[in-house]
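What follows is a set of notes on a single structure, which appears directly below.
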Amino acid sequence: MAERYNNIIEFDEISSTNDYAMSLVRNGEVADFTVVKANFQTKGRGQVGNHWVSNKGENLLFSVIVHPHQIPANEQFIISQCVSLALCNVVSLFCKDVCIKWPNDIYVGNKKIAGILIENLLKGRLIETSIIGIGLNVNQREFEGVPNPTSLQNEAGRQFDCETLLEQFLSVFQEYYIESQKHKRRLRRKYRKNLYLLRKKHLFKDNTGEFVGKIVSVENDGKLHIRDCKRNEREYYFKEVEYIL
Ligand code: BTN
C-alpha cells in the first residue's frame, strides 16, 4: 500500500514509478516536486524501451513530477540538463571523476551509476508536465546483463542511506530548476563542462559506420556535435550515434 508523507509517495513494490506518476497526472492535479519512490519495480523502464532492473531495496528508484510551464517545448533539454547536473553534484559528494554521458547517463569514470528517463507532456508549445524518472545505483554490488555498471557502494566502499540521497538530490535539483528560468546559458555551460569525453578523441558509430571524433558541443535542444578526423562536424539527436566503449 502506498504511504504518503510531504510530497513523497512510497511503495514497497510497484510496476514502474514513472508509470504510477503518469497515472497520477492523468487523474488530476499533482503538486510540483511530488515524488513517487519504490523499493522495487516489476517493470522498471529504461530509455528506448529497455528494462531497468534493480535489486529490491538496494537502490534509489523514483520519479519527480514538475510542471515546467515556463520552458518551451523546443527547449525541453533544459530539464535534462538540470536533472543530470543535480545527480552529478550528489554523486560527486562521494566519488571522483563523475560526469554526464550525453544525453543524460551519469558516469563514474567509464561506468554508469545512474540512468534518467524523462517523459514530457506537451501543451501546444509549452511543457505541461515532466515526469523525471531516476535510477541511482546505491548499495547493489553485482549487476547482471548491463554492460558497464557501478554503484555508490562499489565506488566508495560503504553503504549509503537512500532517503538522505533523495533529499540531497531534491534540494540540488530544485536549485537548478529555479536557476534554469533565468540562467539558461550558465546551465548549458555547466552541462557541457561535465560532459563525458568532451574534446577527447573517441570511437563512435553512426548509420555510416564507425569513426573517430571529438565531442565539441551540445545545442540548446540537445543536439550533439562531434568533429571527426577530417574536421567535419557531425550532428546527432539521441540514439543517432553510439559511443563504442
Ligand atoms: C536509462 O535507461 O538509463 C534510464 C533508466 C531510468 C530508470 C528509472 S528507475 C525509476 C523510474 N521508473 C522507471 O520505470 N524508470 C525510471
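When a ligand or atom number is given, it counts from 1 through the structure's own listing order. None of the values given here were measured: they were computed from a predicted structure.
Every atom of ligand 1 is numbered from 1 in the order shown, and the set under 4.0 Å from a heavy atom of G46 is 1 (C), 2 (O), 4 (C), 5 (C). Atoms of ligand 1 found under 4.0 Å from any heavy atom of D105, numbered from 1 in the order shown, are 3 (O). Set against the non-hydrogen atoms of F62, the atoms of ligand 1 under 4.0 Å away are 10 (C), 11 (C). Annotation for ligand 1: atoms under 4.0 Å from non-hydrogen atoms of I116 are 3 (O), 4 (C). Atoms of ligand 1 lying under 4.0 Å from at least one heavy atom of K112, given by number and element, are 1 (C), 3 (O). Each of the following atoms of ligand 1 lies closer than 4.0 Å to a heavy atom of G44: 14 (O).
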Checking Y107 against N148 for the side chain to side chain donor-acceptor pair (under 3.5 Å) test, could you report, in this order, the C-alpha distance in whole Å, the side-chain angles of both residues, the deciding distance, and whether it holds? CA-CA 10 Å; Y107 266 47; N148 53 344; 3.0 Å; yes
Quick one, F40 with F11, criterion ring pair (Phe, Tyr, Trp, His ring centres under 6.0 Å). Give me CA distance, side-chain angles, the key distance, then yes/no. CA-CA 8 Å; F40 185 69; F11 290 91; over 10 Å; no
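Proximity of the aromatic rings of Y177 and F33 is defined here by a centroid distance below 6.0 angstrom, and this criterion is met. Aromatic rings of F204 and Y236 (six-membered ring for Trp) have centroids beyond the 6.0 Å cut-off, not under it.
Close N/O approach between W52 and ligand 1 is not found [any backbone or side-chain N/O within under 3.5 Å].
Using a distance-only test at 3.5 Å, with no hydrogens or angles considered, a donor-acceptor pair links the side chain of R192 to the main chain of V216.
Proximity of N50 to ligand 1 is not established, as no heavy-atom distance is less than 4.0 Å.
Taking the charged nitrogens against the carboxylate oxygens, K223 and E235 do have a contact shorter than 4.0 Å, which makes a salt bridge.
Residue I71 is tested with H69, H67, E75 for a side-chain contact (heavy atoms from CB on, under 4.5 Å); the sole match is E75.
Neither the backbone nor the side chain of V48 has a heavy atom within less than 4.0 Å of ligand 1.
Looking at R45, Q41, K101, it is R45 that brings a heavy atom closest to atom 7 (C) of ligand 1.
In terms of protein heavy-atom proximity, atom 11 (C) of ligand 1 is nearest to T17 OG1, 3.2 Å. Here the heavy atom of the protein found nearest to atom 2 (O) of ligand 1 is Q47 N, 2.7 Å.
In this structure H51 satisfies the ring pair (Phe, Tyr, Trp, His ring centres under 6.0 Å) test with no other residue, sequence neighbours excluded.
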